[in-house]
Amino acid sequence: MTGQIPDIVTTAQMRALEQRAIAAGEVSGLTLMERAGEGVVKAIIAHAPEANRAVVLCGKGNNGGDGFVIARLLAARGWQVRVCALTAETLSAGQIPVGDAGENARRWLAAGQGVYPLTAEAIRDGLSEGAVLIDALLGIGQSRSPEALLAPVHTASAEFTRLTRVAVDLPTGLCSDSGRWLCDAPFRADLTVTFHAPKPCHMLAEGPEICGALEIAPLGLRPEPGIPLITGPLCNLGKSGGHKFSHGHALVLSGGSGRGGAARLAARAALRIGAGLVTLGCPRAAIPENAARLDAVMLTPVDTADDLATSLSDPRISALLLGPGLGLDARAHALVDVALRDTRPCVLDADALTLIAGDAALRAHLHAGCILTPHGGEFARLFPDLSARMRGSGGPSRIDAATEAAQELGVTLLMKGPDTVIAGPNGRCALHAALRERAVPWLATAGAGDVLAGLIAGLLARGMPGFEAAASAAYLHASAAQVFGPGLIAEDLHEAIPQVLRGLIAH
Ligand SMILES: NC(=O)C1=CN([C@@H]2O[C@H](COP(=O)(O)OP(=O)(O)OC[C@H]3O[C@@H](n4cnc5c(N)ncnc54)[C@H](O)[C@@H]3O)[C@@H](O)[C@H]2O)[C@@H](O)CC1
Ligand SMILES: [K+]
């Protein structure tokens, strides 16, 4: 997939787009199916230029209908094509289903072609080394395990080592909206050709692992806004003129002696990303330790809620961060309480999230300037019911769950994971997908989350709105890891940020 990636559309959005175009008389379902088949054939030829033999696995629905179009178009190019269909028996008995898929089955049969059953033997006999195996069993309509359906496919294809496996729209065994597998052994594609726009499963959770290369075939439908992929910072990061106070002042609150590392990582990140000033607020007893480890970050004693209130009387403090290394004691609770009664932008991470999860009174003070950055465990503590639903079959995707959670709390929420979902209080959502060169597994290292929280706080301090700050920080965080590469530890992220910024600001 190259060039500008269109917004992601959910299954419901895709069906609505198609239905609207058909209802408006702009296009027929049959034409859409033909275009879908043409797109897949074009991608197959580009991907496997030497191939001239295919087995097309066709299901009962419209994904199967696409399969019959693909079979017809490949056969017209001189390919040796075998269709193995779930409907082989009824089709062979002359019973053609109504609808677009039925019409394409009819056209295939009318061309004098046969339809084989979906058995291991029939599939194997249609294949040879170098052939293309096309999965048109199930598409966006799948919601339950297709294990039985796939068993003969796995048995047959295991006998070959050089097949090109192509998924039509999405691999069978993958939930289109959540990216979760619907069975233990889904179809594993080398190439997935989807239509109009990527679906969440191509970007989320375990989906990318089984999609292979992703191609998007146009259907001629009008583009509509969906869920954008974050492919760069959402605001200008350059600095022009002014003095240090023109670029904001972030206040990071830390725990006691021996617990300051996480907050120091966050504070340095806030400074690196361009906040004019960053102050670390820690208990008086922890000042020597922090002073020995920090130079450009300033220090202020914050032992009590009153101390924090005094710090906040400085109107130049433009953003707060609480959580990394904050602790879960009474002081930490009191600091979160004071911070939330203030209306300044506030990042809540780590221990602050645990405190909020356990106290409805704190939760009640959350406001639209808050940015919560939970990982899976913290999300489960904050939203046990939603989290349990996510784990269930047919449950909400990470995109849907983050959107629901952000709206429920009226905050911006950044859900951490290999794919990072950012959801705003008004239903806005964006995704940073860990795909290909943006997959940075070495970010799974102690302290990386603290750096991310610090980047958000720094951008907030500079005046960036919450959603933009969270989305931009997710991008910059992954970019820094990408620039540094293997062996990364959290401290290295700070050192890589200038290189990332140089690249972005130069453009
Ligand atoms: N929506 C659109 O805009 C377009 C859709 N097209 C194709 O149509 C597909 C969607 O078609 P359908 O809605 O008919 O859905 P599918 O073809 O994905 O599934 C068909 C039916 O199979 C059944 N099913 C689900 N899980 C099953 C399982 N495990 N075992 C057996 N049967 C199962 C369900 O009843 C489902 O409705 C898309 O993925 C795409 O390939 C294209 O033709 C072009 C346009
Ligand atoms: K499929």
Side-chain angles (χ1 to χ4, degrees), residues 9-23 26-41 43-44 55-70 72-73 84-87 97-105 118 132-153 165-177 181-202 207 210-212 214-224 226 393-394:
V9 301
T10 62
T11 305
Q13 283 171 323
M14 186 65 205
R15 289 200 190 281
L17 269 167
E18 178 204 40
Q19 286 313 316
R20 266 201 300 278
I22 293 173
E26 292 166 11
V27 69
S28 69
L30 205 55
T31 301
L32 286 177
M33 196 169 271
E34 193 70 19
R35 289 178 187 162
E38 285 165 0
V40 176
V41 167
I44 289 174
V55 167
V56 188
L57 310 167
C58 292
K60 285 182 180 168
N62 287 335
N63 197 249
D66 296 347
F68 278 104
V69 176
I70 295 161
R72 170 163 45 82
L73 297 178
C84 294
L86 258 180
T87 48
V98 291
D100 301 332
E103 172 56 19
N104 279 303
L118 197 70
V132 180
L133 178 62
I134 301 169
D135 162 25
L137 287 171
L138 295 167
I140 57 175
Q142 56 186 316
S143 57
R144 58 181 195 272
S145 168
E147 202 161 323
L149 215 60
L150 284 172
V153 180
R165 295 149 177 273
V166 179
V168 177
D169 209 0
L170 58 144
T172 295
L174 185 60
C175 171
S176 178
D177 277 339
W181 293 0
L182 295 165
C183 59
D184 290 341
F187 188 84
R188 280 185 175 269
D190 303 303
L191 168 70
T192 293
V193 189
T194 192
F195 308 122
H196 178 70
K199 314 298 171 307
C201 68
H202 301 123
I210 56 168
C211 286
L214 179 68
E215 292 294 338
I216 299 163
L219 292 180
L221 297 170
R222 253 176 290 152
E224 283 186 21
S393 128

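In listed order, ligands and their atoms are each counted from 1.
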**Request:** Could you list which atoms of ligand 1 come closer than 4.0 Å to a heavy atom of P146?
**Result:** 29 (N)
**Request:** Among all protein heavy atoms, pick the one closest to atom 38 (C) of ligand 1 and tell me residue, atom and distance.
**Result:** D169 OD2, 3.1 Å
**Message:** Assess the residue pair T172 and L150 against the criterion (side-chain contact (heavy atoms from CB on, under 4.5 Å)); give the C-alpha distance rounded to whole Å, side-chain angles, the decisive distance to 0.1 Å, and a yes or no.
**Reply:** CA-CA 8 Å; T172 295; L150 284 172; 4.1 Å; yes
**Complete:** atom 9 (C) of ligand 1 has as its nearest protein heavy atom N63 N, 3.6 Å
**the K ion (ligand 2): angle it makes with O (V168) and OD1 (N63), nearest 10 degrees** = 80°
**N or O contact, G139 vs ligand 1, cut-off under 3.5 Å** = yes
**Request:** Report yes or no: does L170 have an N/O/S atom closer than 3.4 Å to the K ion (ligand 2)?
**Result:** yes
**Fill in**
atom 19 (O) of ligand 1: closest protein heavy atom, distance to 0.1 Å, is L138 CD2, 3.6 Å
**Heavy-atom side-chain proximity of F68 to V56 below 4.5 angstrom** = no
**Asked** Looking at CG of L137 and CG of D169, how far apart are the two atoms once the value is rounded to the nearest 0.5 Å?
**Response** 13.0 Å
**Message:** Could you measure the distance from the CG atom of L32 to the CG atom of L17? Nearest 0.5 Å is fine.
**Reply:** 10.5 Å
**Fill in**
S145 heavy atoms within 4.0 Å reach ligand 1 at atoms 29 (N)
**Request:** Identify the protein heavy atom lying closest to atom 20 (C) of ligand 1, giving its residue, its atom name and the separation to 0.1 Å.
**Result:** G61 CA, 3.7 Å
**Asked** If you measure only the distance, is there a donor-acceptor pair under 3.5 Å linking the side chains of T194 and K199?
**Response** yes
**Prompt:** Relative to the K ion (ligand 2), which of the N, O or S atoms in D135 is the closest?
**Reply:** O
**Prompt:** Atoms of ligand 1 less than 4.0 Å from R15 heavy atoms?
**Reply:** 13 (O)
**Complete:** of all protein heavy atoms, closest to atom 10 (C) of ligand 1 is I140 CG1, 3.6 Å
**Asked** Looking only at protein heavy atoms, which one is nearest to atom 43 (O) of ligand 1, and how far off is it?
**Response** D66 OD1, 2.6 Å
**Request:** Report the member of E18, Q142, M14, R144 with the shortest heavy-atom distance to atom 45 (C) of ligand 1.
**Result:** E18
**Asked** Which of the atoms in ligand 1, numbered in the order shown and given with their element, are less than 4.0 Å from a heavy-atom of M33?
**Response** 43 (O)
**Message:** Closer than 4.0 Å and a protein heavy atom, does any atom meet both conditions relative to atom 32 (N) of ligand 1?
**Reply:** yes
**Request:** Could you tell me whether a side-chain N or O of R35 sits under 3.5 Å from a main-chain N or O of L219, the two making a donor and an acceptor?
**Result:** yes
**Request:** Check G65 against N104 and note the closest heavy-atom contact, atom names and distance.
**Result:** O-CB, 3.9 Å
**Message:** Which heavy atom of C175 sits nearest to which heavy atom of C201, and what is that distance?
**Reply:** O-CB, 3.2 Å
**Message:** So, taking the atom named CE in M14 and the one named CG in L221, what distance separates them when rounded to the nearest 0.5 Å?
**Reply:** 5.5 Å
**Asked** Looking only at heavy atoms, is any part of A136 under 4.0 Å from ligand 1, and if so is it the side chain, the backbone, or both, or is it neither?
**Response** neither
**Heteroatom N/O/S of L138 within less than 3.4 Å of the K ion (ligand 2)** = yes
**Complete:** To the nearest 0.5 Å, atom CG of L73 lies from atom CD1 of I70 at 8.0 Å
**Request:** Find out whether I216 and F195 are in side-chain contact, i.e. whether some heavy atom of one side chain is under 4.5 Å from a heavy atom of the other.
**Result:** no
**Message:** Taking the basic N atoms (NZ, or NE/NH1/NH2) and the acidic carboxylate oxygens, is any pair closer than 4.0 Å for E26 and R20?
**Reply:** no
**Message:** Could you identify the single nearest non-hydrogen protein atom to atom 34 (C) of ligand 1 and state the distance to 0.1 Å?
**Reply:** G141 O, 4.0 Å
**Request:** Just need the protein heavy atom nearest to atom 12 (P) of ligand 1, so name the residue and atom and give the distance.
**Result:** N62 N, 3.8 Å
